[in-house]
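The structure under discussion appears below in the form of structure tokens.
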Amino acid sequence: MNHPTFDPVRLLSTWATGAAAFAEVLAELDPSWGSEAFPLAGGIAVLCGPGMYVNRTMGAGLERGPTDEEWDRLERRSAAVGVAPSIEITRHSHVDVRRDAEARGYVLAELTSALVHDAEEEMPATTVRVEVMAANGELLPDWQETSARGFGIVDDERRRVSDAFARAAAVVDGERLVIVVDPDDRRALATASLTVFDGIATLGGMSTVPAERGRGVQSALIRHRTRAARELGCDLVTSTAAPGSQSERNLIRHGFHPVFEIEVWTRVGGFTEGVRPCLLYTSPSP
């Protein structure tokens with residue numbers, strides 16, 4: 001398999017644009033989250049709200065580090081939303097970003113691996129019999145329930161977050177928010193999403209009901225969405241996963257290539273003492 005060519009600046013900027021779209025929709029659907037997104041150092045600060053999956057600055061600092069005024073703004077606005085100020089740092093970030101983050105009391109809170117796949121590269125066909133259906137309409141409640149089962153969400157607050165983000169995904173991703181059912185008895189097996197901006201497709205929301213794992217459902221979902229991305233004219237399919245995780249190994253088996261790691265640096269104390277950083281949403285589940 002050939003290593004796909006890609007522009008890291010385009011990739012990081014596109015991911016920031018996609019995340020900002022979720023924050024903007026969340027703000028419209030339910031203002032109580034306090035969601036907002038604003039430009040910062042060439043990127044976007046995406047603050048979806050307490051407990052939400054994205055609360056950090058993305059795609060920033062690629063040409064220069066944030067100014068003191070921009071750091072101050074990030075910290076003030078994060079405090080107003082009720083989340084810890086956070087910023088992504090990669091090997092493509094300007095050297096000043098890490099230096100200034102450390103000086104302001106930010107610490108490494110999360111590490112994920114960015115993976116890419118050439119959309120034109122075909123994947124082997126799968127023999128798994130499943131039916132993939134759009135879930136952005138009347139099937140949205142089924143998507144929410146199946147996703148919660150797959151991720152093991154049982155407490156009310158996490159379920160509220162999960163359901164709200166799914167409602168936003170139904171708007172941002174449209175028919176690319178999908179649910180998988182068994183073609184024989186129609187039982188729900190798994191969920192997934194595909195976010196598309198600027199010719200880049202990002203796999204997300206993949207959750208398989210525990211009893212249905214090991215039968216190739218995730219492989220079918222990866223192939224389905226990669227084919228959909230190609231049909232939409234995308235040149236790159238992307239995802240994220242924890243380095244060394246089963247999710248990363250699964251993506252690599254399907255031809256994805258790890259290209260760099262994303263560090264999420266979060267400020268300790270100050271405006272946001274006691275507030276915990278949130279986790280990246282796009283990592284597929286085992």
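Heads up: numbering here begins at 1 and tracks the sequence.
The distance from atom CG of Leu232 to atom SG of Cys234, rounded to the nearest 0.5 Å, is 5.5 Å. Rounding to the nearest 0.5 angstrom, the gap separating the OG1 atom in Thr14 from the CZ atom in Phe197 is 9.5 Å. In this structure, the separation between CD on Gln246 and CG on Leu251 is 10.0 Å, given to the nearest 0.5 Å. Residue Ile89 holds its CD1 atom at 12.0 Å from CD1 of Ile262, rounded to the nearest 0.5 Å. Separation of atoms CD1 (Ile200) and CG (Asp7) is listed at 8.0 Å; rounding is to 0.5 Å. Distance check: Asn250 CG to Ser245 OG gives 9.5 Å after rounding to the nearest 0.5 Å.
At least one side-chain heavy atom of Glu131 sits less than 4.5 Å from a side-chain heavy atom of Arg186. Between Gln218 and Arg213, the closest side-chain pair of non-hydrogen atoms is not below 4.5 Å. By the 4.5 Å heavy-atom criterion applied to side chains, Leu177 and Trp143 are counted as neighbours. The shortest side-chain heavy-atom distance between Thr226 and His254 does not fall under the 4.5 Å cut-off. When side chains are defined from C-beta on, His94 does not count as touching Glu63, because their heavy atoms never get closer than 4.5 Å. The closest side-chain heavy-atom distance from Phe256 to Val237 is below 4.5 Å. In this structure, the side chains of His117 and Leu203 stay at 4.5 Å or more apart for every pair of heavy atoms. Here the side chains of Val259 and Pro8 are not in contact, with every heavy-atom distance at 4.5 Å or above.
Under the 4.5 Å side-chain heavy-atom criterion for grouping Ile, Leu, Val, Met, Phe, Trp and Tyr, Trp15 is connected to Leu62 within one hydrophobic cluster. A single hydrophobic cluster is not seen to contain both Met206 and Val209; linkage of ILVMFWY side chains at heavy-atom distances under 4.5 Å, directly or through other members, places them apart. Hydrophobic clustering of Ile, Leu, Val, Met, Phe, Trp and Tyr side chains at less than 4.5 Å, counting indirect connections, keeps Leu115 apart from Leu111.
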Item to check | Check against side chain to side chain contact (heavy atoms under 4.5 Å, CB included), Arg167 and Leu140 | outcome: CA-CA 8 Å; Arg167 287 192 292 274; Leu140 180 58; 4.0 Å; yes

### Message
For a side chain to side chain contact (heavy atoms under 4.5 Å, CB included) check, start with the C-alpha distance between Leu26 and Met52, then their side-chain angles and the critical distance, and finish with the verdict.
### Response
CA-CA 10 Å; Leu26 280 168; Met52 278 291 176; 3.9 Å; yes

Residues Phe38, Arg73; criterion side chain to side chain contact (heavy atoms under 4.5 Å, CB included); working and verdict
CA-CA 10 Å; Phe38 54 90; Arg73 185 186 187 199; 3.4 Å; yes

Please assess Ile222 against Arg253 for the test side chain to side chain contact (heavy atoms under 4.5 Å, CB included), listing each intermediate value before the final yes or no.
CA-CA 11 Å; Ile222 292 173; Arg253 281 198 300 270; over 6 Å; no

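Other residues, nucleotides and ligands contribute more than 12 heavy atoms inside 6.0 Å of the CD atom of Glu157. Heavy-atom contacts from other residues, nucleotides or ligands closer than 6.0 Å to CG of Asp155 number more than 12. Residue Glu102 places its CD atom among more than 12 non-hydrogen atoms of other residues, nucleotides or ligands, all under 6.0 Å distant.
The shortest non-hydrogen separation linking Ile252 to Pro258 is CD1-CG, 3.7 Å. Of all the heavy atoms in Ala170 and Asn136, the pair that sits closest is O-CB, 3.6 Å. Across all their heavy atoms, Ala201 and Leu194 have their closest contact at CB-CD1, 3.7 Å. Of all the heavy atoms in Tyr106 and Leu74, the pair that sits closest is OH-CD2, 4.0 Å. In this structure, Glu110 and Leu108 approach most closely via the heavy-atom pair O-CD1, 3.4 Å. Looking at every heavy atom in both residues, Ser113 comes nearest to Glu248 through OG-OE2, 2.9 Å.
Formation of a donor-acceptor pair under 3.5 Å by the Ser207 side chain with backbone atoms of Phe151 is found in this model. Within the 3.5 Å criterion, the main-chain N or O of Cys48 finds a donor-acceptor partner in the side chain of Ser35. The backbone N or O of Pro141 sits nowhere less than 3.5 Å from a side-chain atom of Glu145 that would complete a donor-acceptor pair. Of the possible donor and acceptor atoms, one in the side chain of Arg10 sits under 3.5 Å from a partner among the backbone N and O of Asp198. One N or O on the side chain of Glu70 and one on the backbone of Thr67 form a donor-acceptor pair closer than 3.5 Å. Arg225 places a side-chain N or O within 3.5 Å of a backbone atom of Ser193 that can act as its donor or acceptor partner. Here the side chain of Trp33 pairs no donor or acceptor atom with the backbone of Ala27 at under 3.5 angstrom. Listed for the Glu212 side chain is no donor-acceptor partner under 3.5 Å among the backbone atoms of Leu189. Between the Arg56 side chain and the Val46 main chain, no donor and acceptor come within less than 3.5 Å of each other.
In summary, of the residues considered (Thr17, Asp173, Thr202, Thr238), a side chain to side chain donor-acceptor pair (under 3.5 Å) with Thr195 occurs for Asp173 alone.
The cationic atom of Arg267 (NZ for Lys, CZ for Arg) does not lie both less than 6.0 Å from the six-membered ring centre of Trp71 and within 45° of the ring axis.
With respect to the salt-bridge test (charged N to carboxylate O, under 4.0 angstrom), the residues Asp96 and Arg99 qualify. Taking the charged nitrogens against the carboxylate oxygens, Arg104 and Asp100 have no contact shorter than 4.0 Å, which rules out a salt bridge.
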